[in-house]
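Working notes, beginning with the structure itself.
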Amino acid sequence: MRQNPLEYFKELYSKENALAQANIPGACCVSTIGKDGYPNARFLALKDINDKGFIITGPLSTRKGDEINSVPKVSLTFWWPIIEVQIRIQGNADQISPEQASKYFHERPRESQLTSWASRQGQPLDNPASLIKKLEEVKLQFQDKEIPCPKDWGGFCVIPKRIEFLEFSDERLHTRILYTNEADKWTTEYLQP
């Protein structure tokens with residue numbers, strides 16, 4: 001059993017990434033607490049893992065951004081089918097700095113950057129043709145230029161409180177380990193599958 005679950009996560013992430021045919025190990029289900037009390041879940045790409053936690057990014061003016069700013073308790077769930085591992089993370093989300101957000105924004109493909117300028121993610125759309133027109137306008141606006149990070153683009157570092165690793169086995173006696181962070185110290189325990 002490893003002492004640091006973030007290092008264990010990175011080890012498993014590298015293993016899945018090396019074996020995956022599609023480059024999706026960073027896809028995670030991000031769950032938030034809705035303003036109506038219902039949970040909301042959606043898939044995002046994990047941007048980074050640092051010593052504090054797990055970085056996710058996107059427009060802050062979306063439902064996701066609103067919910068995290070209202071109740072910063074977030075869960076992340078990863079399923080890696082090749083190595084048959086599920087990882088559940090619960091933690092508190094801290095907004096990253098504008099400089100960090102800009103760095104992650106500029107790491108995105110150019111088409112994704114342009115779409116971030118053209119689309120108001122999650123807002124009602126009366127006419128899909130108007131969004132296509134807006135995207136064409138944005139392409140012209142930034143033709144042959146670096147695309148600046150939009151003002152509402154940001155991200156969060158999910159600082160884990162609990163990380164549970166579930167490694168599947170053929171005998172159905174899966175290995176299940178729960179790491180809990182108390183006062184910046186990790187404790188571990190095995191759970192029954």
Side-chain angles (χ1 to χ4, degrees), residues 13 20-50 52-81 86-163:
Y13 182 86
Q21 296 295 321
N23 190 16
I24 59 166
C28 62
C29 181
V30 178
S31 300
T32 55
I33 300 169
K35 291 185 175 183
D36 59 3
Y38 286 96
N40 279 317
R42 76 286 283 157
F43 280 87
L44 299 178
L46 178 70
K47 292 300 177 192
D48 203 359
I49 310 159
N50 62 27
K52 275 181 77 178
F54 303 84
I55 308 291
I56 57 173
T57 61
L60 299 177
S61 58
T62 61
R63 179 185 294 185
K64 171 186 74 245
D66 265 358
E67 289 173 353
I68 294 173
N69 280 319
S70 293
V71 181
K73 294 180 179 182
V74 174
S75 71
L76 308 175
T77 307
F78 295 84
W79 167 240
W80 294 331
Q86 172 187 276
I87 302 171
R88 297 187 317 147
I89 300 162
Q90 295 172 301
N92 296 308
D94 281 348
Q95 196 167 329
I96 62 175
S97 71
E99 294 77 25
Q100 288 175 299
S102 181
K103 171 190 168 286
Y104 292 120
F105 178 80
H106 288 103
E107 289 175 356
R108 302 176 82 219
R110 186 170 178 86
E111 289 299 316
S112 297
Q113 293 178 33
L114 290 166
T115 299
S116 294
W117 273 90
S119 174
R120 303 292 301 156
Q121 191 180 80
Q123 295 301 310
L125 179 62
D126 294 330
N127 180 358
S130 66
L131 184 57
I132 294 168
K133 182 179 180 211
K134 177 68 175 171
L135 180 58
E136 292 306 316
E137 291 169 1
V138 168
K139 283 180 180 179
L140 283 174
Q141 178 184 354
F142 296 117
Q143 189 173 9
D144 301 322
K145 296 179 191 169
E146 181 178 305
I147 303 166
C149 183
K151 286 184 170 56
D152 76 333
W153 184 267
F156 298 93
C157 180
V158 178
I159 302 163
K161 175 79 174 155
R162 287 182 285 279
I163 303 178

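The ring pair (Phe, Tyr, Trp, His ring centres under 6.0 Å) search around W80 returns F9, Y13, F78, not counting sequence neighbours. Applying the side chain to side chain donor-acceptor pair (under 3.5 Å) test to E137 and every residue at least two apart in sequence or in another chain returns nothing. For the salt bridge (Lys or Arg N to Asp or Glu O under 4.0 Å) test, no residue two or more places apart in sequence or in another chain qualifies with R108. For the side-chain contact (heavy atoms from CB on, under 4.5 Å) test, residues two or more places apart in sequence or in another chain that qualify with K35 are D66, S70. For S119, there are no side chain to side chain donor-acceptor pair (under 3.5 Å) partners, not counting sequence neighbours.
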Stepwise side chain to side chain contact (heavy atoms under 4.5 Å, CB included) check, I55 with I49: CA-CA 6 Å; I55 308 291; I49 310 159; over 6 Å; no
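Between F156 and I96 there is no side-chain heavy-atom pair separated by less than 4.5 Å. K64 places none of its side-chain heavy atoms less than 4.5 Å from the side chain of N40.
Atoms OG1 and CD1, from T62 and I68 in turn, are 7.5 Å apart once rounded to the nearest 0.5 Å.
In summary, K103 and E107 engage in a salt bridge, as defined by a charged side-chain N under 4.0 Å from a carboxylate O.
Nearest approach of I89 to P160, heavy atoms of both residues: CG2-CB, 3.9 Å.
The salt bridge (Lys or Arg N to Asp or Glu O under 4.0 Å) contacts involving residues 109-123 comprise E111-K139, R120-D152, where partners must be two or more places apart or lie in separate chains.
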